[in-house]
There are 2 protein chains.
Amino acid sequence: MTKKTQRTERRSDALSKERIVEAAIEILDAEGENALTFRALAARLATGAGAIYWHVADKSELLTAATDHIIGRIMLDADGGPEDGIRAVAIGIFDAIDAHPWVGAQLSREPQQLAMMQIFESVGGRLQALGVAEGAQFDAASALVYYILGAAAQNAANARLSLAGGDRSASLAGIAARWAQLDPARFPFIHKVAPHLPEHDDRAQFLAGIDLLLAGIAAVQRGT
Amino acid sequence: MTKKTQRTERRSDALSKERIVEAAIEILDAEGENALTFRALAARLATGAGAIYWHVADKSELLTAATDHIIGRIMLDADGGPEDGIRAVAIGIFDAIDAHPWVGAQLSREPQQLAMMQIFESVGGRLQALGVAEGAQFDAASALVYYILGAAAQNAANARLSLAGGDRSASLAGIAARWAQLDPARFPFIHKVAPHLPEHDDRAQFLAGIDLLLAGIAAVQRGT
DNA sequence: ACCTGAACACCGTTCAAGT
DNA sequence: ACCTGAACACCGTTCAAGT
């Protein structure tokens, strides 16, 4: 019969690393990497800037945790046979970085973080299932992971540009225009390719690269 | 017969973009990315911080110019047949980033810079010489460039770690130790691979990845 | 144990003033 | 035209002080 029970709502939101990371992700997604400051984060969490340091060592740990959070979720639902599994992992990462460009930058900044290890493990394990020779597995896994991260970082950077200047097809057209300005004598290949850029599908091209690597791995395996 | 000609030595070193970029490269190489500030740069050039802005728009342009400077030199001396030329370009970039880790980070940050275009052109042109079908050239070139940049960024990050903690083999051993601590049930592949890490050769592994891609490109070409 | 918020040291960048 | 250096706005991080 206590009428004045815990009417104070008990701030269900006592600060925690998890809540901090979630708020950081919201800021990163909505306003980009530059907008994530401890002051902005503290304001959003309605606390002092210093409070965050009780739960998180520094900004680097915050970004690492945010990246692990995103990638960790992805890695759960990659399925299918070994080859398709590798494609699924790759596409999962690609789409995650499309949705959260800052993840791409962070992955290539901090190679020892858990997210990287998960990617490496899930690719490597599937290569084993694919029957790749023991001695070749490490190199093959590295190649796939390097490729995935390289594409990820590039896409993150391009997304950053698009964020600044309009939509995707507009910014592709802008890039094509810049390419066309390069000296044709010095850059013949780029000139030949530039017109195809606006119609070009990042995601399909990314997958094509994965398939090239898988084809190379298969070719080496059968001794071609 | 003017005795007091220009005895003032005429500071042969009037500020210029080129001198600024060179000084920036020296700081980046010697003390890392964090050490490059406009104040440090001004001090080294014996001028005011603001003077630099007369020659360079901002820090981003400075890093872009420094990166273009390094990569531009590399691209001149890649030689050999088309396949070997691609390997030479790749190894040139790898070694450049080994010597200047900050280049690796910068390349994946600014994909539209001249250095990237040169890499793309020199890889793409050689694919054409290799006889890769028109429609497959763009994807193949992208795959190679993504891979090269991904490996570059990872190596840059690892070099940053080594710079902090001792030499390369020591830091590889450190990484192997961290890998061994991961849960073996969740990370069986990493556990199998960890012991091979200390004896492992970054550069050879990087080249192995290039060869996988070239093998894949060849396989697709002959329709396998 | 956890939070507050002022303070510190340090940035990139600008700009009035000099030559 | 080019340089100087103080000033501005803004960081990450620390820490004495509170509850």
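To find a chain, count down the sequence lines: A is the first, B the second, and so on, and within it residues start at 1.
Across A/Val123 and A/Ala141, no two heavy atoms sit closer than the pair CG1-CA, 4.2 Å. Across all non-hydrogen atoms, the minimal contact from B/Ala24 to B/Leu41 is N-CD1, 3.6 Å. In plain terms, the two heavy atoms of A/Gln113 and A/Thr64 that are nearest each other are NE2-O, 3.2 Å.
As rounded to whole Å, 13 Å separates atom P of C/dC11 from atom CD1 of B/Ile52. Distance CD1 (B/Ile27) to C1' (C/dG12): 15 Å, rounded to an integer number of Å. Regarding A/Phe38, its CZ atom lies at a distance of 18 Å from the P atom of C/dA6, rounded to whole Å. When rounded to the nearest whole Å, the span between CG of B/Leu41 and C1' of D/dG5 equals 16 Å. Spacing between atom CZ of B/Arg39 and atom C1' of D/dA6 amounts to 10 Å, rounded to whole angstrom units. Atoms CG (B/Leu45) and P (D/dC3) sit 10 Å apart, rounded to a whole Å. When rounded to the nearest whole Å, the span between CG of A/Leu63 and C1' of D/dT13 equals 15 Å. Distance, A/Arg19 CZ to C/dC3 C1': 13 Å, rounded to whole Å.
Closest to the side chain of A/Lys59, from the set C/dT13, D/dT13, D/dC3, is D/dT13. Side-chain proximity of B/Leu15 to the nucleotides D/dG12, D/dC8, D/dC3 is greatest for D/dC3. Out of C/dG12, D/dG12, C/dC3, the shortest distance to the side chain of A/His55 is found at C/dC3.
The structure places CD1 of A/Ile52 at 7.0 Å from CG of A/Leu15, a figure rounded to the nearest 0.5 Å. Distance CG/A/Asp183 to NE2/A/His191: 7.0 Å, rounded to 0.5 Å.
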Contact state string [nucleotides 14-19 of chain D, B base, S sugar-phosphate only, - no protein heavy atom under 4.0 Å]: B-----
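Residue B/Trp54 has a polar side-chain atom (N or O) positioned under 4.0 Å from OP1 or OP2 of D/dC2.
With salt bridges taken as basic N to acidic carboxylate O contacts below 4.0 Å, none links A/Arg109 and B/Glu33.
Across all strands shown, A/Leu36 has heavy atoms under 4.0 Å from sugar-phosphate atoms exclusively, and none from any base.
Nucleotide D/dC8 has C/dG12 as its partner under the Watson-Crick or G-U criteria, with both atom distances under 3.5 Å. Pairing for D/dT19 is with C/dA1, a Watson-Crick or G-U wobble pair whose two hydrogen-bonding atom distances lie under 3.5 Å.
Note on ring orientation: taking the six-membered ring where Trp is involved, the planes of A/Trp179 and B/Phe120 are tilted (angle from 30° to 60°).
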